[in-house]
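Hydrogens, waters and symmetry mates are skipped; everything else that's a heavy atom, side chains included, is used. Owing to the predicted nature of the structure, the values given are computational and were not obtained by experimental measurement.
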Number of protein chains: 2
Amino acid sequence: MPKTPPGQTRNRVFRFVRDCLLRGDSPSLREVQRHFGFRAVETVRAHLTALVEEGRLVKEPGRARGYRLPKRQSQRQTKGQTKGLSAPVPEWSAGRLQPVPLLGEVAAGGFEEAIENPEGNLPVEIPDSRDLSDYFALRVRGESMSGAGILPGDTVIVERRGTPVSGQIVVALLEEEATVKRLYLGQGGMELRPENPDFDTLRPPPGSCRILGRVVELRRQVR
Amino acid sequence: MPKTPPGQTRNRVFRFVRDCLLRGDSPSLREVQRHFGFRAVETVRAHLTALVEEGRLVKEPGRARGYRLPKRQSQRQTKGQTKGLSAPVPEWSAGRLQPVPLLGEVAAGGFEEAIENPEGNLPVEIPDSRDLSDYFALRVRGESMSGAGILPGDTVIVERRGTPVSGQIVVALLEEEATVKRLYLGQGGMELRPENPDFDTLRPPPGSCRILGRVVELRRQVR
DNA sequence: CAGCATAACAGACATTTGTCTGGTATGCCA
DNA sequence: TGGCATACCAGACAAATGTCTGTTATGCTG
């Protein structure tokens, strides 16, 4: 019955469980017991319940393998580190994962044709309230939106639902070519503004342009 | 006893279990049963064992909640059924998709603490050759990389493997703060260059900086 | 039609896993 | 010295969870 200094074993137990959980694998009490060579399950349980009380772990009651890492609360509101506007925290993992068709660049060939022949699918999380068929993905071609952090080669995920709203980043279909621009609706009609001083604002005559949808997510493979 | 077309329920079960797993939460048979309203556990077990045989899931034997996403992508062989029907949305497979822990911003509080309090999990596709524990995700805080199209609020997925290479975009740990910069290794030591003229290049003295990993993907939720 | 495969049900059963109750030893401190 | 807290052990127990065996439909196919 080797007794260790207070808190030492507890930390080792915590690190072990944490590493398991980061691997996506919640350990059972007896697995922890075996790993440390304890001769009683209760030893592990004591440690884990203590860790829960300390707030270092969280337990879902009535579940086997129910220990979790606590979600981090937004504990930094007093920090004042938000110089200017703070970026909105994205809500990942809110809906279900669905295969959104990746249409490619949609330059030559036409949009309708691209819809029929997607290049592949992208796992995208979409809200429960939406339908999978409202979404598609496109690869960005030009530099015209680089000022908004949208670079050539990036993939944008587009939701084609609802009416276009002024100020949104949209995908527009102009003469069988899809382009990403920021949409503005004024008295003079529709404006498609690039976010790059080297490009000009487009003012397509009514009827010559179709808004395919609004950009809801962006993904980039680095290197 | 409503009977569904062959394979249909199986796919729905698969998607449900896959989404659970990507959230880092392996469901029990009875949880799946409840979700679908089956009146027998065995129904679920039959589906899951079939999914394991098809290679779409993997099971760790003798464990409660032992179903996992397969490391290797068994390409979907959907034998028959490929009739020229109305473009059935191809099921992208959950092969190398794995739950990567999202650590948050890691500004105040320190990195080690952030590892212990992830905000959640992000479904990320990682290569077969890599291990899940080599990845984590972070939210970007400052404007210092906006020239590279990395904006505040974006989420970067980081691979912490191998030696840092000059020219890569990396996450560096400086005094308990994680920052995204482009790394340059010269004779004068390490340089961390922002990609924004308003920020200065950092030249941390040796030993005061740890490279946590390299940015491999970027995600942004628009609006 | 018979034969076969699949989808689903029903309920018993076995294993895994968490929980409880009580005990021993050690160190700290008033 | 006697509490008192902590670390750990021992074993029984109960709840959660996976496994098995058998049954009823339904559709397909030769």
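Residues B:F38 and B:A64 both approach DNA chain C. Their nearest nucleotides, taken by heavy-atom distance, put B:F38 toward the 5′ side. A residue-by-residue look at B:E31 and B:E42 shows that B:E31 has its nearest nucleotide of DNA chain D further toward the 5' end. Looking at which nucleotide of DNA chain C each of A:Y67 and B:R30 is closest to, the 5′-most match is held by B:R30.
Rounding to the nearest 0.5 angstrom, the gap separating the CD atom in B:E42 from the CD atom in B:Q33 is 10.5 Å. Between atom CZ of residue B:F14 and atom CG of residue B:L21 there is a gap of 9.0 Å, rounded to the nearest 0.5 Å.
For B:R39, the side-chain atoms get nearest to C:dA10 when compared with the rest of C:dT17, D:dG18, C:dA10. Listed candidates were C:dT19, C:dT17, D:dT19. Nearest to the side chain of B:K59 is D:dT19. Here the nucleotide nearest the side chain of B:A40, chosen from C:dA10, D:dC8, C:dT17, is C:dA10. Closest to the B:T43 side chain, of the nucleotides C:dA8, C:dT19, D:dG18, is C:dA8.
Here A:R65 lies in heavy-atom contact (under 4.0 Å) with sugar-phosphate atoms only. Using a 4.0 Å heavy-atom criterion, one finds that A:R10 contacts the sugar-phosphate atoms exclusively.
In this structure, A:E125 does not pair ionically with B:R219, as no charged nitrogen and carboxylate oxygen lie closer than 4.0 Å.
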